[in-house]
Peer 1: 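Structure incoming, see below.
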Amino acid sequence: MKIEERNQSINSLLTCSAPICAHGHTGCHSPTLSDLFDRVIQHSARMHGLSSDLHSDFEQYFLPSRNQIGRINRKCHTAYILTPNGKENAQRLAREELTEVILKLLAAWRDPLSQFHRSMARHEDFTSISGNKALEMSDMVHQLKNGVEKVAEKMQLLGMISNSLMSLSSTEALAPHSASSEARSMSDYELLYCFRRDSNKVQNYLKILKCRIVAEHGC
Amino acid sequence: MMSRDSGASLILSLLISAVLDSDGLSPPGKPRLTSCRSPEKETFTCWWEPGSDGGLPTNYSLFYRKENSDTVYECPDYHTAGRNSCFFSKNDTSIWVNYNITVVATNALGSNFSDPVDVDVVYIVQPHTPENLTVVLEDEDNPFLVVRWEPPRMADTRSGWITLIYQLRVKLEKEEEWEEHFAGQQKQFNIFSLHSGEVYMVQVRCKPDHGFWSEWSATTYVKVPDYISRERSIWILIAVFSTFIFFVFIWTMHINRNSVKHFLLPPVPGPKIKGFDTQLLKSGKSEAVFSALVIQGYPPTSYYDDLLVEYLEVYDNKEQVLMLDRKDLQESLFKSKSSSDTDSGRGSCDSHTLLMEKCVEPKEDQTMMPQVKDSEASRDLVMKNDSNTPESTNVKTKTWPTICSSYHYDQNPCYHSIPEMPRQCHISSNHFASTHQQDYWESPADIYHKKPPSGYRYAQAYSEFNIKGIALKEATFPASKSLEYVEVQHVNQENTLILKPIGQEGPDLFHAACTGHDYSRVNRVVSDNVFLLQRDTSGQCHSDCQEREAPVRSCTQQQPGKPADHLQVPRVQETHLAPNGYVDTATMLSY
């Protein structure tokens, strides 16, 4: 999907042809929560795919000398975010917490990805395709975060989650300052490695959230 | 002290190992981690491959470290997954955590470490095969297969923890190639366009959105009933093939329509008449067309009318005979005309068929006749007995076989080499021993000249074989053998040569005398100044019997009773031969 189409599809979440009605105005045709979830899940899948491709390209061209592929020396800068490491742990979390984790993750990666994209552009060895992927990936993080926020609003609107926990600004405020500086010191490969994992987490958490909230048959 | 002890133990171990080496024993070889797999993203298993054991019992152990932790843990379960494996249960498994795993092989002589492997469970998921594969045949008339399956038991797709996509493959039992289909996340698939009466094999497998494909499930067999009868399909095939052949045939006929039209409806041949112009006929000018066909002088019917009329006029006492002869003439004429197709406009003397007819005719005649002695044996002389029947003609048609044979040589006997013909022809003199007055040769020439036949006897040979009707009362006639030349007297209208024998002055004299001109012949000189004239009568003209051998008497007998009022011809004059062998007939006439 091209960047323009991706932006458009994300924007459709926000201002679709049939505008999202706030507070349940009658006569509006608003997408259902299930549709919203499907869209964000699609976006997250696309994002994770891009990150996987870039990571494998990196491993193929830039790290043949590494003794141990897939290993980093430092933690990811998002290590401060407590994320469930298993199914039980993820199911044990409340919906609000899960949504918050997702939003935190997405928020934490906005700046490092743009940094990564700028770094990619400077690399002369990288092909234009990879550069496009990096750009798309950084854009997608931002749009996905917006989309998930819309989903959260929708859920709050529908009363599925309480309004107690989250606010848009709080997620960013909770991020420690050191995390961003730590992210800046990471190499490109480390950034890719960490983001590949975190995008997988986001996708998985969204699926769990969807199946828990939108209790369709067979999920 | 301690260093001495350690040094001693070291030396001792080296010695022992050296001793052991000499026996073929060694520390174990380096093991190798082959793979680690997680079937449901909750547990995982790692397998390793042992190296050489060095001849000693070797112990393998697996150690791992988690990400960003230096704590070394050992494998919790070596047995669940079988030999040379390590099973990580749920409690020991952390997702999105990097495991650093190492296998150590240990025997009495030493140990060996494998290369460490970094594993993140998320990326090593390989589910089990799908379960409960069912294939159902629906809709008997147009059957299709409905394939259903269940996800593997352990994979938790209901909570969204794992998302599986499926793939199935189908093939006929007798085939070799599988036909694969992607089913996405659905757990049902329809297969259409089945072969009737065949057995199908179906398999299915699955894959997480980021992971490895599972193994193919167990095969399910299904039999499709015969919903298309074999006969119907064969008939359909025959119909299609026939239609194709039919169209090819029509196309070929269309291409060759001209040849087909010629074959079925052959063109009617047009008339091919010489001188016939079809275009002229089409234009409508029939007169011009037919005038081209008309040849002048054909048919000579009008001429023969004249002929008949003349015939009747001239000869009155011989009318009956003339009539008969005329009939014969007509017959012969018409016969001659009909026998030849190219005779129109040309002289009958050109008609070799006529000649041949005449040559043949004598054989058909009833009468026998005395053979005229001739040098040529083929010479025939026909004489018909005069009978009471008017039809039977006392025909003495003299055929000149030489003419018949000569015709083969001469193509234009009428117009050239006239003297040749008489040379070849042996014409009997007209001196037939016939007392009958009818013994004469009749010919159209007589008619032409309007000569009274009675008493006239002159030899006239005609190449035209319309000669007939010489009635003979008596069959006695001398074998004429004299050679006579004929000359063309004239050519009548029908390109007929009227010939007369050429003689000395004799014939001319004869002729002259016969024609009744006022000519007198000097018979002899009696005295100095007296010469005797020779009187001639008409009967003398017929003295055809003036042949050598012909007795004079017969000659006189022939004379129609006219008084022999002529001078006596001394016999000695008979011997007067002309240089050419001809007898001076004048001298003989004087009886």
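All figures in this text were calculated on a predicted structure; none of them were measured in a lab. Per chain, numbering begins at 1; letters A, B, ... match sequence-line order. What you see below is based on every heavy atom in this structure, not just the backbone, and it leaves out hydrogens, waters and symmetry mates.
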Peer 1: Any side-chain heavy atom of B/V122 sitting closer than 4.5 Å to one from A/K201?
Peer 2: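 No; the side chains remain at least 4.5 Å from each other.
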
Peer 1: Considering residues, nucleotides and ligands other than B/E138, do more than 12 of their heavy atoms fall under 6.0 Å from its CD?
Peer 2: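 Counting neighbours around CD of B/E138, more than 12 heavy atoms of other residues, nucleotides or ligands fall under 6.0 Å, so yes.
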
Peer 1: Around B/F113, counting heavy atoms of other residues, nucleotides and ligands shown, do more than 12 lie under 6.0 Å from its CZ?
Peer 2: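 Counting other residues, nucleotides and ligands, CZ of B/F113 stays at 12 neighbours or fewer.
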
Peer 1: Hey, is CD on B/E131 packed in by over 12 heavy atoms from elsewhere, all under 6.0 Å?
Peer 2: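 Count over threshold, so yes.
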
Peer 1: Name the option with the most non-hydrogen atom pairs under 4.5 Å to chain B; the candidates are A/H48, A/R212, A/Q91.
Peer 2: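 Answer, by heavy-atom pair count under 4.5 Å with chain B: A/H48.
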
Peer 1: Should A/N200 and B/Y123 count as side-chain neighbours, where that means a heavy-atom distance under 4.5 Å?
Peer 2: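 The answer is yes; the side chains approach within 4.5 Å.
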
Peer 1: Could you state the interatomic distance from OG (A/S52) to NE2 (B/H210), rounded to the nearest 0.5 Å?
Peer 2: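 Atom-to-atom, A/S52:OG and B/H210:NE2 are 6.0 Å apart.
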
Peer 1: Can you find a side-chain donor-acceptor pair between B/S159 and A/K87 that sits under 3.5 Å?
Peer 2: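 Result is no, nothing qualifies.
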
Peer 1: Side chains of B/N98 and A/R197: does their closest heavy-atom pair fall under 4.5 Å?
Peer 2: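 Side chain of B/N98 against side chain of A/R197, heavy atoms only: contact under 4.5 Å found.
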
Peer 1: Can you check side-chain contact (heavy atoms from CB on, under 4.5 Å) on A/N204 and B/W96, steps first, answer last?
Peer 2: CA-CA 11 Å; A/N204 216 342; B/W96 298 296; 3.5 Å; yes

Peer 1: Give the intermediate values and the outcome of side-chain contact (heavy atoms from CB on, under 4.5 Å) for residues A/E88 and B/K90.
Peer 2: CA-CA 10 Å; A/E88 290 79 9; B/K90 279 186 188 179; 3.7 Å; yes

Peer 1: With a 4.5 Å cut-off on heavy-atom pairs, point out which of B/T93, B/D156, B/V97 contacts chain A the most.
Peer 2: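 Counting heavy-atom pairs under 4.5 Å, the top option is B/D156.
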
Peer 1: Would the number of heavy atoms belonging to other residues, nucleotides or ligands and lying under 6.0 Å from CG of A/L82 be above 12?
Peer 2: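 Not more than 12 within 6.0 Å, no.
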
Peer 1: Check B/D120 with A/R196, please: is the shortest side-chain N to carboxylate O separation under 4.0 Å?
Peer 2: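 Looking at B/D120 together with A/R196, the answer is no, because their closest N to O distance does not fall below 4.0 Å.
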
